[in-house]
Asks: 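This structure is in structure tokens; I'll ask about it shortly.
Naming: A, B, ... by sequence-line order, numbering from 1 per chain.
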Amino acid sequence: MAIQVKFFASLKEDIPDALREVNSEDVATVADVWAAATGIKEPPAHVVCSVNHSHEPVTHPVKEGDEVAFFPPITGG
Amino acid sequence: MAIQVKFFASLKEDIPDALREVNSEDVATVADVWAAATGIKEPPAHVVCSVNHSHEPVTHPVKEGDEVAFFPPITGG
Amino acid sequence: MAVHIVEGSFDPNRYQAEHEASLVAGSFGATANFIGTMRHINEGDEVTGMTLEHYPGMTEKELENIISDACEQWRLIDALIVHRVGPMTPGEPIVLTTVWSMHRKDAFEAVRFLMEALKSRAPFWKKETLANGRSRWVEKNTPGY
Amino acid sequence: MAVHIVEGSFDPNRYQAEHEASLVAGSFGATANFIGTMRHINEGDEVTGMTLEHYPGMTEKELENIISDACEQWRLIDALIVHRVGPMTPGEPIVLTTVWSMHRKDAFEAVRFLMEALKSRAPFWKKETLANGRSRWVEKNTPGY
């Protein structure tokens with residue numbers, strides 16, 4: 001019934017108290033996971049999302065066992 | 001009074017008897033040098049020319065002491 | 001095709017040479033590579049160190065996807081991506097991308113594609129330490145085209 | 001900026017590393033290179049050897065001109081061209097072009113320019129020996145764009 005939630009880089013520092021797990025019965029989309037984990041209604045526009053290691057929009061559906069991650073824009077290379 | 005003439009690659013093999021020196025008094029342009037050195041009226045269209053190590057057209061003027069070279073299209077790299 | 005995420009300093013030449021040793025000599029005519037190196041100045045400030053965070057699992061998958069995408073667009077013999085993570089200092093290599101192909105057009109275009117795709121899709125984040133002792137997250141990439 | 005015409009086998013990595021050792025570590029963020037290697041097949045025929053003829057004096061001058069032209073078009077920190085001449089066998093490197101710059105856009109574009117300019121302006125000619133014992137002059141280059 002759990003969905004794992006991960007935060008990276010500046011986002012992890014900015015919302016250190018966000019939950020790392022939410023109940024799959026309480027959420028339907030990535031945006032719902034954000035709200036449930038952070039208590040903030042919507043992710044800021046610059047936030048990037050992934051579901052099970054694939055980039056996805058905040059409207060993407062989620063289900064039990066998923067790993068949802070939120071991170072700031074990528075700056076590698 | 002001399003102009004040095006060089007031939008490279010397939011051109012050197014195709015016209016082995018071409019002169020390596022022509023009299024500067026007999027020639028005004030690169031095309032004249034070709035004709036004087038090879039006995040062939042005009043250089044074939046694919047022939048590339050240089051004067052003193054710079055690419056030049058066949059109409060380029062020549063003078064005593066110049067080094068004029070003729071070669072097939074470049075295929076390095 | 002290979003992807004390596006490495007902690008600690010790495011020698012791009014050694015990775016490229018070792019990978020190339022697995023290819024048939026004479027089969028490729030073109031090898032193009034790019035090495036990204038940590039600079040000591042960024043956005044006008046002196047930088048003394050940097051830490052690269054990444055998303056283990058997703059990073060490798062995304063880099064493999066990027067190589068697959070390149071293989072669909074160009075005729076490649078092989079491709080290699082090596083990316084460093086963790087703390088590093090100026091002058092050290094951050095990333096290597098190498099492409100081997102028969103002809104140079106494919107190698108030139110694909111190696112550039114790999115870097116641009118990596119910089120927009122692979123989950124890496126840079127945190128710089130400045131000469132004044134403060135640290136900051138790098139927030140955007142230099143334009144690549 | 002450096003140009004080397006070399007007879008006999010050469011190691012591109014060694015040339016690049018030695019040149020890079022003269023640069024200030026941390027000053028460049030981007031290094032792009034291209035290595036051209038002799039293939040064992042050309043135009044559908046098996047090739048067993050190749051001899052590269054060049055025009056001593058003009059070759060060096062033209063390669064230096066090409067680097068100067070690149071420096072006018074892009075913001076470069078340094079550039080290196082190494083080109084082999086004389087006899088060689090498949091699998092051996094023919095040419096190395098390397099560019100160092102602050103940002104990757106300059107390095108990617110300039111290294112490709114160097115190769116295209118070299119292939120159209122620098123006086124080199126290839127004569128191949130085929131598996132059937134015959135030899136032939138290579139008459140044209142593969143398109144680069």
Asks: With chain D as the partner, which of A107(C), S27(C), G36(C) has the greatest number of non-hydrogen pairs under 4.5 Å?
Replies: S27(C)
Asks: Please determine if R134(D) and D45(D) form a salt bridge, counting it only when a charged side-chain N lies under 4.0 Å from a carboxylate O.
Replies: no
Asks: Between R104(C), E116(C), K119(C), which has the largest tally of heavy atom pairs under 4.5 Å with chain D?
Replies: R104(C)
Asks: Can you tell which of Q16(C), E92(C), E109(C) has the highest number of heavy-atom pairs within less than 4.5 Å of chain D?
Replies: E109(C)
Asks: Would you check if there is a donor-acceptor pair between the side chains of W125(D) and E53(D) at a distance under 3.5 Å?
Replies: no
Asks: Is V111(C) in contact with chain D via its backbone, its side chain, both, or neither, using a 4.5 Å heavy-atom distance?
Replies: both
Asks: Where the side chain of D106(C) meets the backbone of W74(C), is there a donor-acceptor pair that is under 3.5 Å apart?
Replies: no
Asks: Determine the option with the most heavy-atom pairs under 4.5 angstrom with chain C, choosing from G29(D), A25(D), P90(D), A32(D).
Replies: G29(D)
Asks: Hey, which of N33(D), L80(D), L76(D) is the one that makes side-chain contact (heavy atoms from CB on, under 4.5 Å) with W100(D)?
Replies: L80(D)
Asks: Give, as side chain, backbone, both or neither, the part of P143(C) having an atom under 4.5 angstrom from any heavy atom of chain D.
Replies: backbone
Asks: Atom CD of residue position E139(D) - does it have more than 12 heavy atoms of other residues, nucleotides or ligands inside 6.0 Å?
Replies: no
Asks: I need the minimum non-hydrogen distance between A79(C) and L114(C), along with the two atoms involved.
Replies: CB-CD1, 4.4 Å
Asks: Could you tell me which of G26(C), G91(C), A17(C) has the largest number of non-hydrogen atom pairs under 4.5 Å with chain D?
Replies: G26(C)
